[in-house]
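See below for the structure under consideration.
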Amino acid sequence: MVKTLVFGASLNPDRYSNMAIHRLVRNRIETEAFGLRSGLVSDVQIKDKLDDFQNIDTVTLYLNPQNQKKYYQSILDLRPRRVIFNPGTENPEFQEILEKAAIEVEVACTLVLLTTGQYS
């Protein structure tokens with residue numbers, strides 16, 4: 001089964017990353033999460049260390065472009081099949097780096113993709 005990493009996960013139920021975790025779990029998509037603070041959302045442990053993740057198919061980003069910079073190499077090292085840039089996370093510099101590494105880039109909203117059955 002493919003695994004999604006919610007990158008920039010929040011414990012705050014009003015944040016889109018939090019909503020995405022709930023929706024991914026509801027859609028029976030294996031989900032992991034990385035955030036600044038560890039905690040539990042919909043039975044998914046948000047981890048605050050990146051060395052715990054393996055076999056990630058999709059990274060769905062919830063960090064603004066400025067905050068992404070320090071994670072470029074960490075995300076590349078995960079070797080995901082694709083990275084989804086959710087609204088507000090669009091980053092042409094990082095998108096180009098990912099494409100050069102043969103990682104698919106998708107500028108979309110994870111919540112919309114899940115709602116419309118286009119998340120694959």
Side-chain angles (χ1 to χ4, degrees):
M1 176 183 263
V2 296
K3 191 185 312 181
T4 294
L5 174 60
V6 177
F7 204 98
S10 173
L11 295 169
N12 181 343
D14 294 329
R15 305 295 295 196
Y16 289 112
S17 62
N18 187 291
M19 294 175 206
I21 293 170
H22 286 287
R23 191 80 52 86
L24 287 160
V25 168
R26 202 170 324 138
N27 280 275
R28 294 186 175 95
I29 296 168
E30 188 175 354
T31 305
E32 297 201 26
F34 169 77
L36 294 177
R37 285 184 228 114
S38 61
L40 201 61
V41 174
S42 195
D43 291 329
V44 173
Q45 179 66 44
I46 298 176
K47 299 175 183 174
D48 58 3
K49 292 186 177 38
L50 279 169
D51 48 349
D52 294 335
F53 301 107
Q54 297 178 1
N55 304 317
I56 300 297
D57 175 76
T58 299
V59 172
T60 182
L61 282 177
Y62 289 94
L63 287 178
N64 70 45
Q66 192 62 34
N67 290 333
Q68 291 170 21
K69 286 183 183 283
K70 66 180 174 181
Y71 297 109
Y72 285 3
Q73 192 58 53
S74 298
I75 292 171
L76 286 166
D77 290 346
L78 292 171
R79 306 292 309 150
R81 175 181 60 88
R82 71 173 168 175
V83 173
I84 298 173
F85 287 82
N86 286 279
T89 68
E90 299 90 344
N91 182 346
E93 176 184 73
F94 191 30
Q95 290 170 225
E96 185 177 330
I97 292 168
L98 291 165
E99 288 171 343
K100 285 182 179 175
I103 296 171
E104 179 185 332
V105 168
E106 193 166 347
V107 178
C109 176
T110 297
L111 294 172
V112 170
L113 293 173
L114 288 164
T115 301
T116 58
Q118 297 178 66
Y119 193 94
S120 57

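Below, each value reflects all heavy atoms present in this structure, side chains not excepted, and no hydrogens, waters or symmetry copies.
Taking 4.5 Å as the limit, some side-chain heavy atom of Leu76 sits within range of a side-chain heavy atom of Leu98. Counting heavy atoms from C-beta outward, Gln95 and Phe85 have side chains that approach closer than 4.5 Å. By the 4.5 Å heavy-atom criterion applied to side chains, Glu32 and Asp52 are not counted as neighbours. Between Ile75 and Leu61, the closest side-chain pair of non-hydrogen atoms falls below 4.5 Å. Side-chain atoms of Lys69 and Glu93, non-hydrogen and from C-beta on, do get closer than 4.5 Å to each other. Residues Met19 and Tyr16 have side chains in contact (heavy-atom distance under 4.5 Å, counting atoms from C-beta outward). Residues Thr58 and Glu106 fail the side-chain proximity criterion, which asks for heavy atoms closer than 4.5 Å. By the 4.5 Å heavy-atom criterion applied to side chains, His22 and Val41 are counted as neighbours.
In this structure, Leu114 is not a member of the same hydrophobic cluster as Leu5, with clusters built from ILVMFWY side-chain heavy atoms closer than 4.5 Å. By the criterion of side-chain heavy atoms lying less than 4.5 angstrom apart, applied directly or through intervening Ile, Leu, Val, Met, Phe, Trp or Tyr residues, Ile46 is not grouped with Leu78; the two fall into different hydrophobic clusters. In the hydrophobic clustering of this structure, Val105 groups with Ile56; members are Ile, Leu, Val, Met, Phe, Trp, Tyr whose side-chain heavy atoms approach within less than 4.5 Å, directly or through other members. The cluster map of Ile, Leu, Val, Met, Phe, Trp and Tyr, joined by side-chain heavy atoms under 4.5 Å apart, puts Leu63 and Phe53 in the same cluster. Cluster membership check: Leu50 shares its hydrophobic cluster with Ile103, using side-chain heavy-atom separations under 4.5 Å among Ile, Leu, Val, Met, Phe, Trp and Tyr.
Atom CZ of Arg82 has more than 12 heavy atoms from other residues, nucleotides or ligands within 6.0 Å. Within a 6.0 Å sphere centred on CZ of Arg81, heavy atoms belonging to other residues, nucleotides or ligands number more than 12. Counting non-hydrogen atoms of neighbouring residues, nucleotides and ligands closer than 6.0 angstrom, the CD atom of Glu96 reaches no more than 12 such neighbours. The environment of Leu40 atom CG is dense: over 12 non-hydrogen atoms of other residues, nucleotides or ligands sit within 6.0 angstrom.
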Could you go through Leu24 and Val6, starting from their C-alpha distance and side-chain angles, then the distance that decides it, and tell me whether this counts as side-chain contact (heavy atoms from CB on, under 4.5 Å)?
CA-CA 10 Å; Leu24 287 160; Val6 177; 3.6 Å; yes
Give the C-alpha distance, both sets of side-chain angles, the deciding distance and a yes or no for side-chain contact (heavy atoms from CB on, under 4.5 Å) between Leu113 and Ile84.
CA-CA 10 Å; Leu113 293 173; Ile84 298 173; 4.1 Å; yes
List the steps, then state whether side chain to side chain donor-acceptor pair (under 3.5 Å) holds for Arg23 with Thr115.
CA-CA 9 Å; Arg23 191 80 52 86; Thr115 301; 2.7 Å; yes
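Using bins of under 30°, 30° to 60° and over 60° for the plane-to-plane angle, the ring pair Phe7/Phe34 lands in the tilted bin.
Side-chain N or O atoms of Glu90 include none that pairs as donor or acceptor with a backbone N or O of Val107 at under 3.5 Å. Using modelled atom types, no side-chain atom of Asn27 and backbone atom of Ile29 make a donor-acceptor pair closer than 3.5 Å. Asn55 places no side-chain N or O within 3.5 Å of a backbone atom of Lys3 that could act as its donor or acceptor partner.
Between the CD1 atom in Ile97 and the CD atom in Gln73 there is a gap of 9.0 Å [rounded to 0.5 Å]. Taken to the nearest 0.5 Å, the CG atom of Asp51 stands 11.5 Å off from the CG atom of Asp77. To the nearest 0.5 angstrom, Ser38 atom OG is 5.0 Å from Asp48 atom CG. Distance CG/Leu36 to CG/Leu11: 10.5 Å, rounded to 0.5 Å. Arg26 contributes atom CZ, which lies 12.5 Å from atom CD1 of Ile21 (distance to the nearest 0.5 angstrom).
Taking the ring centre of Tyr119 as origin, the terminal cationic atom of Arg28 falls outside the region bounded by 6.0 Å and 45° from the ring axis.
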